[in-house]
Amino acid sequence: MATIAGGTGAPHARIMGVGAYRPTRLVPNSEVVDAIDSSDEWIQQRSGIKTRRWAGPEESVQMMSVEASRIAIERAGLDVGQIDCVVVATVSHLLQTPAVATAVAHELGTDGAAAFDISAACSGFCHGIALASDIVRAGSARHVLVVGVERLTDILDLTDRGTAFIFADGAGAAVVGPSDTPGIGPVVWGSDGEQFDLIRQREDWRDVVGTDTQPGSGVMPHLTMQGNPVFRWASFAMAKIGQQALDSAGVSLDELDVFVPHQANMRIIDAMARSMKLPASVKIARDVADQGNSSAASVPLALDRMMAEGEAKSGDTALLIAFGAGLSYAAQVVTVP
Ligand code: COA
């Protein structure tokens, strides 16, 4: 039997640069309330959302990914040719195959980087960071570009009271590369498929198109959500996952500088912070108020904003946690680049 050579990766991995793309159109609550018989006051009180970013026709999943990635690569101090793997987390690239990651890698001008998409809904970006860290340490690639991107407005039913005011569009990207010291802690991740139906595409594409025996609905399969059980799950179960990620990284609450939870709903963010007993010194991402919930893009968008506004500084210790459809979740401690 032949001896197969093992990979030779970096001792550790770190985030080297972060970039973001926000659609130019800012949509206030006043523009969504009529179709769902709601009010600005109700939306702000229940979700903390005042405005959201919705993409225009030119702001495709690919376009937003490329824009965010260019910034992340530049901030990482790399040439695009040094990116040898591209991972795109999304659930709203409506061409089922091939992966949008290959088009992103090509448009960026990588030298034929490995490229694939992952589907983990709102937790996709944190799954991507975990994969990238392992890829770099295993030696399968040296610099991995991770993109979280959504154009959820394509799958939103603007008359659905439970989703129309929450979801949004955008892209965030991070470059993960080698490091002499640990810059990405162990991931704590998991799923609860018993709650598969809580957030889901309403029906599958065969139900839309039809089969030989069954006519199709011909209606776009929108996103549906049972908000209340999701709210309860996220508010209580996710704080424990955040604490586990801190414990796995050997980081105490006093050593934490920045908390970047998935930007689902301001009440969930507040409930998690309370439940985790975060010290007042910890800066908390609250991007959801102006951006809405942009699913896989929400964590990198929120982190990028905190860095731009000086709330998160290079070398700070940050806890990332994301959760959503599946149900699925992933959390890790990282060093801010
Ligand atoms: N506008 C105004 N009223 C609304 C409404 C809307 N868009 N949607 C529901 N209501 C009403 C309901 O009819 C109900 O009225 P009633 O008390 O007279 O029967 C009341 O508000 C409460 O409805 P409920 O569905 O229990 O609301 P809620 O407190 O659970 O809030 C969400 C709804 C969606 C804001 C909340 O469940 C939530 O944020 N869930 C988590 C969503 C999330 O973050 N998902 C992303 C995870 S990736």
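One-based numbering along the sequence shown.
Not a single donor-acceptor pair under 3.5 Å links the side chain of Thr159 to the backbone N or O of Ala35.
The other members of the hydrophobic cluster of Val187, by chain and number, are Trp189 (side-chain heavy atoms under 4.5 Å, ILVMFWY only).
Hydrophobic clustering, with ILVMFWY side chains joined whenever heavy atoms are under 4.5 angstrom apart, groups Val18 together with Ile129. Residues Val208 and Leu156 fall within the same hydrophobic cluster, defined by Ile, Leu, Val, Met, Phe, Trp and Tyr side chains chained together at heavy-atom separations under 4.5 Å. Linking Ile, Leu, Val, Met, Phe, Trp and Tyr residues whenever their side-chain heavy atoms come within less than 4.5 Å leaves Leu320 and Leu256 in two separate clusters.
Distance check, rounded to the nearest 0.5 Å: OG1 of Thr102 to CG of Asp117 gives 7.5 Å.
A search for ring pair (Phe, Tyr, Trp, His ring centres under 6.0 Å) contacts involving Phe165 returns Trp42, not counting sequence neighbours. Thr153 meets the side-chain hydrogen bond (donor to acceptor under 3.5 Å, both in side chains) test with Asp169; sequence neighbours excluded. Take Phe323 and apply the ring pair (Phe, Tyr, Trp, His ring centres under 6.0 Å) test, not counting sequence neighbours, and it matches His262.
Taking the charged nitrogens against the carboxylate oxygens, Arg305 and Glu309 do have a contact shorter than 4.0 Å, which makes a salt bridge. Between Arg75 and Asp304, at least one side-chain nitrogen of the basic residue sits less than 4.0 Å from a carboxylate oxygen of the acidic one, meeting the salt-bridge criterion. Salt-bridge check for Arg267 with Asp270: failed, with every basic side-chain N at 4.0 Å or more from each acidic carboxylate O. Using a 4.0 Å cut-off between charged nitrogen and carboxylate oxygen, Asp160 and Arg202 do not count as a salt-bridge pair.
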Just list the side-chain donor-acceptor pairs under 3.5 Å for residues 172-185, sequence neighbours left out, or say none.
| from | atom 1 | to | atom 2 | distance (Å) |
| --- | --- | --- | --- | --- |
| Ser179 | OG | Thr181 | N | 3.2 |
| Ser179 | OG | Thr181 | O | 2.5 |

Throw together a table of side-chain donor-acceptor distances under 3.5 angstrom for residues 105-113, partners on residues two or more places apart or in other chains.
| from | atom 1 | to | atom 2 | distance (Å) |
| --- | --- | --- | --- | --- |
| Glu107 | OE1 | Gln62 | NE2 | 2.7 |
| Thr110 | OG1 | Ala105 | O | 3.0 |
| Thr110 | OG1 | Ala113 | N | 3.3 |

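Annotation: side chain of Ile321 is not in contact with side chain of Cys126 (no heavy-atom distance under 4.5 Å). Side-chain contact between Phe167 and Arg52 is absent, with no heavy atoms from C-beta onward closer than 4.5 Å. Using a 4.5 Å heavy-atom threshold, the side chains of Leu94 and Asp154 count as touching. Residues Asp40 and Ser30 fail the side-chain proximity criterion, which asks for heavy atoms closer than 4.5 Å. Counting heavy atoms from C-beta outward, Leu131 and His127 have side chains that stay 4.5 Å or more apart. When side chains are defined from C-beta on, Arg274 does not count as touching Lys277, because their heavy atoms never get closer than 4.5 Å. Annotation: side chain of Tyr21 is not in contact with side chain of Ser69 (no heavy-atom distance under 4.5 Å).
Among the candidates Glu58, Glu31, Glu59, the single residue satisfying the salt bridge (Lys or Arg N to Asp or Glu O under 4.0 Å) test with Arg25 is Glu31.
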